[in-house]
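Structure first, commentary second.
In what follows, chains are A, B, ... by sequence order, proteins preceding strands, each numbered from 1.
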Protein chains: 2
Amino acid sequence: MVLNPAFIIQKKRDGEALKEAEIRFFIQGISTNEIPDYQATAFLMAVYFQGMTLDETVALTRAMLESGERYDLSHIPGFKVDKHSTGGVGDKVSLILAPLAAACGLKVPMMAGRGLGHSGGTLDKLESITGYDVRISKTRFAEIITKVGCSIIGQSDKIAPADRKLYSLRDVTATVECIPLIVASILSKKLAEGTQALVMDIKVGNGAFMKSKEEARKLSRTLIQVAKKLGLPCRAILTNMDQPLGNTAGNAIEVIESIELLRNERPAADLKEITIQLCAHMLELGKVVKNLSEGRKLAHARLADGSAWQIFQDMVKAQGGSLEQILDTKKLPHTSRSLVWKATKRGYITRMDTEVLGKILVELGGGRKKASDSVDPRVGFYFHKKLGARVQSGDPVATVYVAEKMPTELLKELEALFQEAVEIRGERKSVPKLISEVLT
Amino acid sequence: MVLNPAFIIQKKRDGEALKEAEIRFFIQGISTNEIPDYQATAFLMAVYFQGMTLDETVALTRAMLESGERYDLSHIPGFKVDKHSTGGVGDKVSLILAPLAAACGLKVPMMAGRGLGHSGGTLDKLESITGYDVRISKTRFAEIITKVGCSIIGQSDKIAPADRKLYSLRDVTATVECIPLIVASILSKKLAEGTQALVMDIKVGNGAFMKSKEEARKLSRTLIQVAKKLGLPCRAILTNMDQPLGNTAGNAIEVIESIELLRNERPAADLKEITIQLCAHMLELGKVVKNLSEGRKLAHARLADGSAWQIFQDMVKAQGGSLEQILDTKKLPHTSRSLVWKATKRGYITRMDTEVLGKILVELGGGRKKASDSVDPRVGFYFHKKLGARVQSGDPVATVYVAEKMPTELLKELEALFQEAVEIRGERKSVPKLISEVLT
């Protein structure tokens, strides 16, 4: 078989299913730069329009996985489970869940990502802690998982390089929102990190990439089927992202909220519930418990007895992070300037445009417009009120931590955006269910 | 309006019509390399799937035209008309038509192309004549048109550079077959060359880019509408390409056939008919005659009286080509090696797979697989029999002129392909009509 990039593009353009060898040839060519970027992006757009069969998506995932290194953690005793979230605003679950699942007896090898666009990233949050190193070696990663129980790191350059390249091209060619490409991107990395099972937190709502449940279900089904074909047991939990998760959005401020939850101090109910539930699914997948109810019980216990909090400290210490800062969170990076954005009328909060809230955070410096931007760990939101809350005119809705140098003019514009994004009406509206579906 | 390439790609991907400013921004960015090729090709694939409205296609054509230089021939007396063909096998019409239309009183500024894939190119044919220069200056082009009446040249680097760049990208990303892109590519060049009207020869059949009349009609209608909006009167003639045009396919051999027709020596009926008909349309558009029938009469007369043949000689001489070679065609480049491919049974020729015949010519060295390939002017086909002809087993179907160094093994393979491409059956089948439709 003669393999020709233009012919493979044409075949996909015409809606034909590609053979595994064709997909492998194309992805290898992208990794080695033998296939130029301009052919890669035409291919991506053809996939956007024509989709891929299950077999093609499996082949794509495998080819991307095989473009790089694969971590072998089989020598580590215990069942390795990871969680992946499709991202949103205020989603600091990984910071709490990794040590909690470890405290319950699992091993958690977690390769996390950075924020992009309105969506935050676990690595940026952890890097608010001075010294925390997300780029430790493969050996050190394995050591920490063995001794501490969990480790949260970044994707090394050697993991799925084809995915990194394709992702940066997708980002600038309107080919991000495409299920087979999303699935191959997520799973190639998860398969490379050495996990034995995966729980997917699929966010749905106005702050998520998936705006409708139908899209989220379609993505979930494909993820589960492809993961299964590649030997990775996987389940997907559909969770709501029509408002920020928990009470905070930002980097250092989300670390603080995570620590407070781990210390059993005034946790936000939604954040705690979602963490316990995801942990129960991980425990069931890892056969640590017989069913979800047992899993929830165990997770509650390990949170309450402080063992999850201890593992978080151990992980931060092992990765070079400042223990002092997490024991006394006032020592985390902070700004001296804050504002209070208030309700302009009385009523109930009926809608929060979460994507807009995420974009305001980006404008404040707490996120990235493009991958090369740097992030200010100090800025962020504390939400006093969320969906369904009753407010009087003048009630604080959010405290906003801003950089000292931020122009007042710009802050006024951002407040106007905020007021538009947070709808207050005379009649209460029902709040969307936090966890709507579980797909296995 | 903030113009962002990724957003423009997304808009087109989602099927929205782009604004003129967006199209101009994108095409300018491609010309100046400010928009990278990988965004250009994603855009092209999105256009392939979503198409373009008439207004978008007009804007695209104008933006491509304005990416480069525009020839102003308004100082030349007489009506300037050009002809463009969508290409096929054996299509040497331009070589005869340009001097013939000039002999009838028109001025013909013709910017022609090179062969690519199975399709031949006018420039390659003319370059069989030693010294013929297709890259003369703008001033010289205008001078020759003024004095001789016609000039056939190549597209200079300064004409529609955005088109040249996009075309080379389309060629390797399966985005050639897309009507708005084809239309903008053709018309941007034609508008730049300074013609006042255009006759389009739209080839339909198994040797053409358009395989069906429906596609050809769609292309023709778009061409005519866009040209009209840009002030260029245009008509389209649908002509058959289910067999090679005339009796020859190759480069020098097609020059010889053209000269023989200009000299009124044993011309192939189809080649003569199509040339006369296209000339009549050019004359009608240029208002040299009142109707087509007068146009045909005038064209026949100028062919018969030798004035077209004289203008051909003048043009070749003016562009530096060897007069000796065209006066004695045995002096044109030729090979000492030829084969005769014969009928393997008796019957009628019922089908000629013209694209395959064109590809055999490419394998012989007479065409290009990629734009940077060079062409052997000496190789080619002389067809003794065409569609509808009665043959006995052993009758010569084609004489094939091949390079001395061509391996015999390869020639056997090519003959097998030829035998498959030329179908002989016991019952005669009707031959497709040469000129099927005229669209204005």
Inter-residue atom distance Lys359(A).NZ - Leu417(A).CG, 0.5 Å rounding: 10.5 Å
Stepwise side chain to side chain contact (heavy atoms under 4.5 Å, CB included) test for Leu166(A) and Met64(A): CA-CA 10 Å; Leu166(A) 281 180; Met64(A) 278 161 59; 4.1 Å; yes
Heavy atoms from other residues, nucleotides or ligands near NZ of Lys213(A) exceed 12 (cutoff 6.0 Å): no
Test side chain to side chain donor-acceptor pair (under 3.5 Å) applied to Asp376(B) - qualifying residues, sequence neighbours left out: Arg378(B)
Distance-only side-chain donor-acceptor flag, Ser85(B) / Asp91(B), under 3.5 Å: yes
Residues in residues 46-58 of chain B near chain A [non-hydrogen atoms, under 4.5 Å]: Ala46(B), Tyr48(B), Phe49(B), Gln50(B)
Sidechain-backbone polar pair: Lys11(B) side chain, Gly15(B) backbone, donor-acceptor under 3.5 Å: no
Donor-acceptor contact below 3.5 Å, side chain Asp242(B) vs main chain Gly205(B): no
Between Val172(A), Ile9(A), Ile8(A), the one whose heavy-atom pairs under 4.5 Å with chain B are most numerous: Val172(A)
Contacts of Phe209(B) that satisfy ring pair (Phe, Tyr, Trp, His ring centres under 6.0 Å) - sequence neighbours left out: His118(B)
Part of Leu44(A) within contact of chain B (heavy atom distance under 4.5 Å): neither
Side-chain donor or acceptor of Asp124(A) paired with backbone N/O of Arg114(A) under 3.5 Å: no
Heavy-atom contacts under 4.5 Å, residues 176-186 of chain B to chain A: Glu177(B)
Top contributor to chain B interface from Met45(A), Gln10(A), Arg13(A) [non-hydrogen pairs under 4.5 Å]: Arg13(A)
Under 3.5 Å: donor-acceptor pair, side chain of Asp14(A), backbone of Glu16(A): no
Residue Glu214(B) excluded, over 12 heavy atoms near CD under 6.0 Å: yes
